[in-house]
Structure formats: structure tokens, C-alpha cells
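Here is the structure we will look at.
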Amino acid sequence: MLSSCDCATAANSVLFLRRIGTVALLFILASLSWFVLYKAGETIGFKIPDSLTSHAPRVFFFIPPTAPFPPPSETQENKLEKVLKDAAMEDKTVILTTLNEAWAAPSSVIDLFLESFRIGNHTRELLNHLVIIALDEKAFSRCLVVHTHCYALVSEGVDFSKEAYFMTHDYLKMMWTRINFLKSVLEMGYNFVFTDADVMWFRDPFPHFYKDADFQIACDHFLGNPEDVENRPNGGFLFVRSNNRSIEFYKFWYTSRETYPNLHDQDVLNNIKYDSFIIDIDLKMRFLDTTYFGGFCEPSKDLNVVCTMHANCCFGLESKLHDLRVVLQDWKNFLSLPPTLKRSLPPSWRVPQNCSLDSLHLYAPPLENVIQENVEQ
């Protein structure tokens, strides 16, 4: 017969074995659960967090072979398509401008540009259709703060963040990158108004565009006839309709940079506008009247009808900012006038002041220096 001590010892042993068995069972169940979870994770591409097990094999997220990850170019195109679609008018027209760090700083060009839309006649709503194409990271970050539709244009190996002085290597790179990008927009089926950010918008320009033109562009100097190829165009403001003719023209324009090395897009355009290729593809090209689309080269004379004012014929960011602020103040002064006074005595612009053709010639680098720089690049 067992003593009470022996019974207690046996009971404790049974209890101990039960506890060991329970722990072992829990361990086995936990291991099995982890194994099942791990295998399931392998199947669906789920990564087991390192915090759960530091000794488990690492499983990285992947996309099954049936749905390959799109290449970077396709990803960029998808992003661009979404931005354009969100901003487009019913007829797939968008307004585009480019922006780099130098023009993106607070109180710099981009702020004046957006202000002009807000104080213009029937231009505020056009901001819904404006896409800012950022050429560097800081410009993109700034765009996200001040505007809705932003797109980062990636250009590997090129730094577009600083002020690009007229006819320098960086300036030429920036201009031709822009032409190539605009070609892509046309190929995606979108019409566009391209505007430099130093173009102030005071009225809706669409009523003054030619209905039958494929390509229409503002001028440094307008000779009176919108079909005269002797007009001096300025690539800082243009309206292009997407069709086979305009796409072929932009391809021709872009490849012509090799025919005319060391020239920027505008000077190349001044050469190719005479080319028989334009006639062969039946491109309808028109030049916009400076009465409506003026600039510092040739200011519009009547604030009652002006649509845009471009800070062209200007060298240096500070000079440009000074005169653009004067332009905005002139417009505000005009808006404050009573209607009768606006019609009877239309005020004139007080610009250019710091900007002028003389300053452009005075401060622009000599042509031989520009050519040498581009040869060295």
C-alpha cells in the first residue's frame, strides 16, 4: 500500500509530464502553423516580417511570372497618361509648362505664373487643365505644394535644377528634352498648349486660336500675316493638335537638331519652317499675332484684348522677375480702372525695364564661347 507521500510524488510526476506534453504539442502546432504560413507566403509573394522570426528563411515580395513588372519607361508612360487624363479637357487638350529648381523657389517665376491665372479674365478655371512638368526633384516637390497636376520628367545624367543660361549646353539640352517630351504627348493623342512659366496669362487664349491649324506658335516679331513663314516664332507659347501631321513634324523637328548642331529648338524651327517636308506632310502652320500674344520683344499694345505676355528677350532671372512683377502690377492697375476709362484710354505696359534686347546682347555669352562649350561637352 502506497504512502501519502508516494501518491503525491506520482501525482506531481503526471502533472509535470502533462505540462511537458502540452508545451511540446503547442511547439509542434506553432511550427506547423509557421510552416503553412511560410509556404502560403511563398505562393502569394508575402514576406514574413523579421520581427516574427529572425531565423526563418527570408521571403521577398515578387510578382508571378504571368504578370511581369513593367519596365521603367512603361511605368513613366503610365504615370504620364494618368496625369494627362486627370487634367485634360473634354477634347483631350492639356496646358503644359516645365519647371526646374531655379524657377520653383517661393516668390520666383512659378508663383508669378500661377498668380496671373488667378487674376486674369476667365483664366482661373484653366488651372484645372494645367500640368507642370518638373525637371528635377526639388521642382517636383514644390509643384506638389502649389498645384494639383504634377509630373516628374526623368532625364538620367542631366542636371536641369539650376538656371540654364541662354545658349549654354544645359540650355540646349533642356530645350531638346522638351521637344522630345512634347512629341510623346502628341503620340499619346493629347492636344496641348505649351507655355513657358514666364508667360503671364491674362485672358483665355482659346478663342484666338485658328480652328484649322495643326501647329500655331507665338512670335518674337509678328509681320501681320499669320501664314507668313518670315514671322519670327518663339517656342515659349504654342498650341498643337495631335494628328499624324503634327507627330511627324515633331519627329522632324527633333531629328533636325543633328542637321543644325549647336542651335536651340527655336533657331532650328526658323530653318526647317522653309523645308519642303512641311508641304509634303501638309502641316498647317500659323503664327500668332502679338496683339493678343505679346512679349517683351514686341509688347501687345492694348490691355483690353491681350491674352498673354511673355518675358522673352530677357537675360538673367533677376531681371526677368523684376519685369514680370511690373507686368502683374500693370494688369492689376488696369483692372482697377472704370470700364469707360479702360476703353477710352487703354494704358500701356511699363516694360521692358531691366529686360531688353540690349541686355540680352550685353550679357549673353559670345557665340564662339557657346560653340566651344558644346564641342567640349
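Small disclaimer: the values here were computed from a predicted structure and weren't measured. The analysis underlying the following values was restricted to heavy atoms, covering all of them including side chains, and did not include hydrogens, waters or symmetry mates.
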**Message:** As a test of understanding, state which of Lys284, Arg241, Arg245 forms a salt bridge (charged side-chain N to carboxylate O under 4.0 Å, His left out) with Asp214.
**Reply:** Arg245
**Prompt:** Looking at side-chain heavy atoms only, is the closest gap between Ser116 and Val199 below 4.5 Å?
**Reply:** no
**Asked** Any Lys/Arg nitrogen of Lys183 or Glu187 sitting under 4.0 Å from an Asp/Glu carboxylate oxygen of the other?
**Response** yes
**Prompt:** Are the charged groups of Lys332 and Glu115 less than 4.0 angstrom apart, N to O?
**Reply:** yes
Tell me whether [X] shares a hydrophobic cluster with [Y], the cluster being built from Ile, Leu, Val, Met, Phe, Trp, Tyr side chains joined at under 4.5 Å.
X: Val268; Y: Leu283; answer: yes
X: Phe140; Y: Ile95; answer: no
X: Trp331; Y: Met200; answer: yes
X: Phe215; Y: Ile279; answer: no
X: Leu144; Y: Leu153; answer: no

Verify the distance criterion only: is there a donor paired with an acceptor across the side chains of [X] and [Y] at less than 3.5 Å?
X: Asn191; Y: Thr93; result: yes
X: Asp198; Y: His310; result: yes
X: Gln266; Y: Asn270; result: no
X: Asp220; Y: Asn234; result: yes

Are the side chain of [X] and the backbone N or O of [Y] linked by a donor-acceptor pair below 3.5 Å?
X: Thr255; Y: Lys251; result: yes
X: Asn231; Y: Pro233; result: no
X: His129; Y: Ala87; result: yes

Identify the heavy atoms of [X] and [Y] that sit nearest to each other, and give their distance.
X: Met309; Y: Ser300; result: SD-OG, 4.3 Å
X: Cys297; Y: His221; result: O-CE1, 3.8 Å
X: Phe222; Y: Leu288; result: CD1-O, 3.6 Å
X: Asp111; Y: Ala105; result: OD2-O, 4.2 Å
X: Tyr292; Y: Val305; result: CD2-O, 3.5 Å
X: Met89; Y: Phe206; result: CE-CZ, 3.5 Å

[atom1] of [X]: more than 12 outside heavy atoms within 6.0 angstrom?
X: Asn244; atom1: CG; answer: no
X: Glu137; atom1: CD; answer: no
X: Lys92; atom1: NZ; answer: yes

Rounded distance [0.5 Å steps], [atom1] in [X] versus [atom2] in [Y]:
X: Arg203; Y: Asn121; atom1: CZ; atom2: CG; result: 5.0 Å
X: Asn262; Y: Asp267; atom1: CG; atom2: CG; result: 11.5 Å
X: Phe315; Y: Asn354; atom1: CZ; atom2: CG; result: 13.5 Å
X: Asn333; Y: Leu328; atom1: CG; atom2: CG; result: 11.0 Å
X: Gln329; Y: Leu324; atom1: CD; atom2: CG; result: 13.5 Å
X: Leu223; Y: Glu227; atom1: CG; atom2: CD; result: 13.5 Å

**Message:** Less than 6.0 angstrom from the centroid, inside 45 degrees of the normal: does Lys79 satisfy that with respect to the ring of Tyr151?
**Reply:** no
**Message:** Before you tell me yes or no, could you show the steps for Phe296 and Val327 under side-chain contact (heavy atoms from CB on, under 4.5 Å), namely the whole-Å CA-CA distance, both residues' side-chain angles and the distance that decides it to 0.1 Å?
**Reply:** CA-CA 10 Å; Phe296 294 170; Val327 167; 3.7 Å; yes
**Message:** Between Phe113 and Phe117 (judged by ring centroids, cut-off 6.0 Å), do the two rings come close enough to count as a pair?
**Reply:** yes
**Asked** Does the ring center of Phe237 lie less than 6.0 Å from the ring center of Phe194?
**Response** no
**Message:** For Val193 and Trp201: C-alpha separation, side-chain torsions, deciding distance, then whether side-chain contact (heavy atoms from CB on, under 4.5 Å) applies.
**Reply:** CA-CA 12 Å; Val193 176; Trp201 286 53; 3.9 Å; yes
**Message:** By the definition side-chain contact (heavy atoms from CB on, under 4.5 Å), identify the one residue from Leu96, Asp86, Val185 that meets it with Val131.
**Reply:** Leu96
**Asked** Are Cys313 and Cys355 close enough that their SG atoms are less than 2.5 Å apart?
**Response** no
